[in-house]
Every structure is written in structure tokens, then in C-alpha cells.
Amino acid sequence: MDRDELLPKMSDDTKEYVDRVLEVFNAPFARELGIEIESVSKEEVISTLSLKPLMINSMGRIHGGVIYSLMDHTFAIISNMVNDATGQSMEVKYYRPASTDLRCIAKPVNVSRSLGVYDVRVYSTEGKLLASSTSTSFVIKRNE
């Protein structure tokens with residue numbers, strides 16, 4: 001994805017951060033998994049992941065690590081959009097096995113000068129909640 005592809009997916013108040021979002025989006029691990037951005041705003045970031053055979057665990061379902069990776073990367077996009085931040089903690093709860101493409105939504109709960117707390121959820125293509133997390137980032141450099 002380049003700037004021209006990403007800009008229409010961004011809200012007007014986030015377009016100034018297009019280069020920061022692209023930098024996080026283009027992380028090699030996320031690119032290899034195939035994580036895509038659906039939309040970006042300060043209120044939420046939505047990303048998707050299409051199922052690949054390598055993502056299947058021994059029980060024929062999507063490996064929990066794949067779900068975690070989607071959550072972590074979506075969290076990284078929203079928490080690094082304005083300021084440089086690093087993940088401090090992420091508590092994940094899994095609710096049901098996954099076997100379809102995934103959709104992840106990250107929303108801020110509270111963002112202060114030094115910490116950001118986000119609600120991150122993953123859904124199946126049918127809209128069923130598969131996993132959720134409370135994710136905390138530590139702001140390492142304020143850019144705003």
C-alpha cells in the first residue's frame with residue numbers, strides 16, 4: 001500500500017499522519033502475514049487479515065498467535081499514529097475458535113501524556129467476537 005491507496009481510508013483529521021501510519025503498516029512481519037488497513041481515524045483503526053493455510057493450527061483453526069499478531073499490529077497503528085509509542089502490555093482473551101478471515105478494531109479508552117490504553121477486538125466474517133484485549137502503550141516521544 002502506498003500513500004495514494006491509504007489516504008482515502010483515512011479520516012480528514014488523520015491524513016497529516018499518513019507517513020507515520022505507512023511506516024507502521026509496512027513492518028515486514030505484518031506485510032508477510034498480509035494484514036491490510038480498512039480505515040483509520042483517531043477514534044478507531046480497522047484492519048483485516050485473510051486466512052492462509054500456514055495460519056492453521058493442529059486442530060484446523062486459526063492459530064492464536066495469528067489473532068494476537070493482528071491485534072498487536074492494529075494496536076501499533078493507532079498508538080503510533082500521533083506519537084512514538086511502544087507496547088507495554090496486552091491482555092488477550094479468546095472467546096471462540098476462528099476459521100474465517102479476520103477483522104480487527106482498535107479504539108482508544110484513555111490516552112494521556114505518557115500512556116495510551118486501547119480496546120482491541122477481533123471478529124469473524126460473520127461478526128462474531130473472537131478475541132478482545134486491553135492494550136497499553138508507553139509514549140516514548142511526543143510529536144504533537
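Under a hydrophobic-cluster definition in which Ile, Leu, Val, Met, Phe, Trp and Tyr are linked whenever side-chain heavy atoms come within less than 4.5 Å, directly or via other members, V117 and V111 are assigned to different clusters. Tracing side-chain contacts under 4.5 Å through hydrophobic residues (I, L, V, M, F, W, Y), one never reaches Y123 starting from L33; they form parts of separate clusters. Both V66 and F75 are part of a single hydrophobic cluster, where members link through side-chain heavy atoms under 4.5 Å apart. No continuous path of ILVMFWY side-chain contacts below 4.5 Å connects V122 to M59, so the two sit in separate hydrophobic clusters. Cluster membership check: L54 shares its hydrophobic cluster with I67, using side-chain heavy-atom separations under 4.5 Å among Ile, Leu, Val, Met, Phe, Trp and Tyr.
Side-chain N/O atoms of Y118 and S79 include no donor and acceptor closer than 3.5 Å. Looking at T100 and S124, their side chains never bring a donor and an acceptor atom within 3.5 Å of each other.
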Quiz prompt | side chain to side chain contact (heavy atoms under 4.5 Å, CB included) evaluation trace for I35 with T48 | solution = CA-CA 6 Å; I35 296 171; T48 59; over 6 Å; no

Quiz prompt | Residues T74, L70; criterion side chain to side chain contact (heavy atoms under 4.5 Å, CB included); working and verdict | solution = CA-CA 6 Å; T74 307; L70 175 62; 3.9 Å; yes

Quiz prompt | Verdict with supporting geometry, R103 and T125, side chain to side chain contact (heavy atoms under 4.5 Å, CB included) | solution = CA-CA 7 Å; R103 186 170 189 254; T125 53; over 6 Å; no

Self-check item: Evaluation steps, side chain to side chain contact (heavy atoms under 4.5 Å, CB included), between V120 and I105
Solution: CA-CA 6 Å; V120 184; I105 302 172; over 6 Å; no

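In this structure, R96 contributes its side chain and L129 its backbone to a donor-acceptor pair below 3.5 Å. With Y94 contributing its side chain and L130 its backbone, the two residues share no donor-acceptor pair below 3.5 Å. Between the side chain of D119 and the backbone N or O of T134, no donor-acceptor pair lies under 3.5 Å. Side-chain atoms of S69 come within 3.5 Å of backbone N or O of G65 as a donor-acceptor pair. The closest donor-acceptor contact from the side chain of N80 to the backbone of D84 lies at 3.5 Å or more, if one exists at all. For D19 (side chain) and L22 (main-chain N/O), no donor-acceptor pair under 3.5 Å exists by modelled atom type.
The 12-atom threshold is exceeded at NZ of K9, counting heavy atoms of other residues, nucleotides or ligands nearer than 6.0 Å. Crowding of E23 atom CD: a count of heavy atoms from other residues, nucleotides or ligands under 6.0 Å not exceeding 12. With a 6.0 Å radius and a threshold of 12 heavy atoms from other residues, nucleotides or ligands, E5 has its CD atom above the threshold. Within 6.0 Å of the NZ atom in K128, the count of heavy atoms belonging to other residues, nucleotides or ligands does not exceed 12. In K93, the NZ atom is not crowded: 12 or fewer heavy atoms of neighbouring residues, nucleotides or ligands sit closer than 6.0 Å.
Considering OG of S41 and CE of M81, their distance stands at 6.5 Å, rounded to 0.5 Å. In this structure, the separation between CD on E38 and OG on S47 is 8.5 Å, given to the nearest 0.5 Å. Of the inter-residue distances, the one linking L7 atom CG with M1 atom CE reads 10.5 Å to the nearest 0.5 angstrom. With values rounded to the nearest 0.5 angstrom, Q88 atom CD is found 7.5 Å from F138 atom CZ. Taken to the nearest 0.5 Å, the CD1 atom of I46 stands 9.5 Å off from the SG atom of C104.
Closest heavy-atom contact between M71 and S132: CE-C, 3.4 Å. Heavy atoms only, all atoms of each residue included: D13 and K42 are closest at O-CE, 3.6 Å.
In this structure the side chain of L49 never reaches within 4.5 angstrom of the side chain of H73, judged on heavy atoms. S133 is not listed as a side-chain neighbour of E91, based on a closest heavy-atom distance of 4.5 Å or more. The shortest distance between side-chain heavy atoms of T136 and M90 does not fall below 4.5 Å. At least one side-chain heavy atom of L51 sits under 4.5 Å from a side-chain heavy atom of I56. Side-chain contact between I62 and N57: absent, with no pair of heavy atoms (C-beta onward) separated by less than 4.5 Å. Side-chain contact between S39 and V45 is absent, with no heavy atoms from C-beta onward closer than 4.5 Å. Under the 4.5 Å side-chain criterion, counting only non-hydrogen atoms from C-beta, L115 is not in contact with V139. At least one side-chain heavy atom of V82 sits less than 4.5 Å from a side-chain heavy atom of Y17.
Salt bridge K107/E43: absent, no basic N to carboxylate O contact under 4.0 Å. The existence of a salt bridge linking R31 and E36 is confirmed by a sub-4.0 Å separation between a basic side-chain nitrogen and an acidic carboxylate oxygen.
Taking the centre and axis of the six-membered ring of F25, the NZ or CZ atom of R20 falls outside the cone set by 45° and 6.0 Å.
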